[in-house]
Amino acid sequence: MGNPFFRFKQFEIWHDRCAMKVGTDGVLLGAWTDVSHSQNVLDIGTGSGLIALMIAQRCRAKVTGVEIDAEAAKQACENVALSPWKGRVSIRQADITAFEGGKYDTILSNPPYFREQVYCSDSQRNAARHTGALTFEDLLDAVIRLLTDDGCFSVILPFEVLGHFIDLAAGRYLYPMCRTDVQTRPGISPKRVLLTLSRNILPCKEDTLVIESEPRIYSPDFIQLVKDFYLAF
C-alpha cells in the first residue's frame, strides 16, 4: 500500500479512502488553469479535494468540489477542514448530472474516466462504464448547464481523445481557447492535453509542456508551473 497522504507546501492530501490518488494529472490541471479572474469555481469529480485546494491556494475565489463517491467526498471534507482555506472551499457529495449549485465562472474536471479511458465505439464504451464514471457527453452537458455565459471550462484528457472531445464540445457551443500538449520528455508523443474552452470563438493559444528534460531531470517549465506546490522545488 502506498503512502496514505501526500504533503504539499501549504496543505496535505489524505487519499487512502479515494479511488483517485494524488497524481501528476491533477496537479497539472490545478496549477495550469487560469484563475486570475475567478470568483466562483467548480471542481467536477473532486476526489480527495486536491484540485479544489490547489485553486484555493492560487486565488481568493469560492471553490466547490463535487464528488459522487461517499467515502471520497468524506475524505475531501476532512482535507479541506485541515487546510488554510476551509472558509472558502466546500465539498458536496452529488452526481454532477443532477447537481444544482448555481453558476460558476470557472469549471475544472479530472475524473478517472477521462484519465484512463480512450474513445471507442458506443458498444465498447458502454461495456467500459462503471459506477460513478461520466461520459464526455454527460460532463459537457453539466458544464453547459453550470457555466456562466463568459465562463471557462478546463480539463485534462488523454491526447488520443482530443479531436473527439473538441467535436462534442463544439456541438454544445464550447470552443477551445487554450491548449497545452503534455510530453513526458522531448521527442515523445504527448500523452495528455490540457484544454480550456469557452462559449466564445477565439484564436486558440497552443503550446507544449515537457515534464522531464531528460530522465529524472524535471524541465524548467514544469518546475515553474508546480513550484508553489511540490516540496521538491
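Note that the coordinates shown come from a computational prediction; the quantities given were computed from them, not determined experimentally.
Using a cut-off of 4.0 Å between Lys/Arg side-chain N and Asp/Glu carboxylate O, Asp228 and Lys9 are scored as not salt-bridged.
In this structure, the side chains of Val182 and Leu194 come closer than 4.5 Å at one or more pairs of heavy atoms. Between Phe233 and Gln224, the closest side-chain pair of non-hydrogen atoms is not below 4.5 Å. At least one side-chain heavy atom of Thr106 sits less than 4.5 Å from a side-chain heavy atom of Leu108. Using a 4.5 Å heavy-atom threshold, the side chains of Thr33 and Met54 count as separate. For the pair Leu28 and Leu209, the minimum side-chain heavy-atom distance is below 4.5 Å. At a threshold of 4.5 Å between non-hydrogen side-chain atoms, the residues Leu82 and Glu78 do not count as touching. Proximity of Thr148 to Asn40: side-chain heavy atoms (C-beta onward) are nowhere separated by under 4.5 Å. Using a 4.5 Å cut-off on side-chain heavy atoms (C-beta onward), Leu50 and Val27 make contact.
Listed by first then second residue, pairs satisfying salt bridge (charged side-chain N to carboxylate O under 4.0 Å, His left out) with a partner in residues 89-105 read Glu100-Arg145, not counting sequence neighbours.
The residue from Ile91, Val89, Thr46 that alone fulfils the side chain to side chain contact (heavy atoms under 4.5 Å, CB included) condition with Val63 is Val89. Shown are Val155, Thr64, Leu139; of these, the side chain to side chain contact (heavy atoms under 4.5 Å, CB included) with Ile44 is made only by Leu139.
For the residue pair Thr208 and Asp181, no side-chain donor N or O sits within less than 3.5 Å of a side-chain acceptor on the partner.
Once rounded to the nearest 0.5 Å, the distance linking CD of Gln93 with CZ of Phe99 reads 12.0 Å. Note that CD of Glu212 and OG1 of Thr184 are 7.5 Å apart. Values are rounded to the nearest 0.5 Å. Here the OH atom belonging to Tyr173 is positioned 14.0 Å from the CG atom belonging to Leu140, to the nearest 0.5 angstrom. Met20 CE to Ile51 CD1: the interatomic distance, rounded to the nearest 0.5 Å, is 7.0 Å.
Counting heavy-atom neighbours within 6.0 Å of Arg185 CZ, excluding the residue itself, gives a total above 12. Surrounding CD of Glu71 are more than 12 heavy atoms belonging to other residues, nucleotides or ligands, all under 6.0 Å away. With a 6.0 Å radius and a threshold of 12 heavy atoms from other residues, nucleotides or ligands, Tyr230 has its OH atom above the threshold. More than 12 heavy atoms of other residues, nucleotides or ligands shown are found within 6.0 angstrom of CZ on Phe5.
Under the 3.5 Å distance criterion, the side-chain polar atoms of His15 are left unmatched by any main-chain donor or acceptor of Gly49. With hydrogens and angles ignored, the 3.5 Å screen pairs no side-chain donor or acceptor of Arg179 with any backbone N or O of Val193. Put simply, the side chain of Ser219 gets close to the backbone of Val210: a donor and an acceptor are under 3.5 Å apart.
By the 30° and 60° cut-offs, the orientation of the rings of Phe165 relative to Phe136 is perpendicular.
Contact detail for Ile13 and Phe8: the closest heavy-atom pair is CG1-CE1, 4.0 Å.
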**OP:** Evaluate the side-chain contact (heavy atoms from CB on, under 4.5 Å) criterion for residues Leu147 and Tyr104: first the C-alpha distance (whole Å), next the side-chain angles of each, then the deciding distance (0.1 Å), finally the verdict.
**Re:** CA-CA 5 Å; Leu147 191 67; Tyr104 300 86; 5.6 Å; no
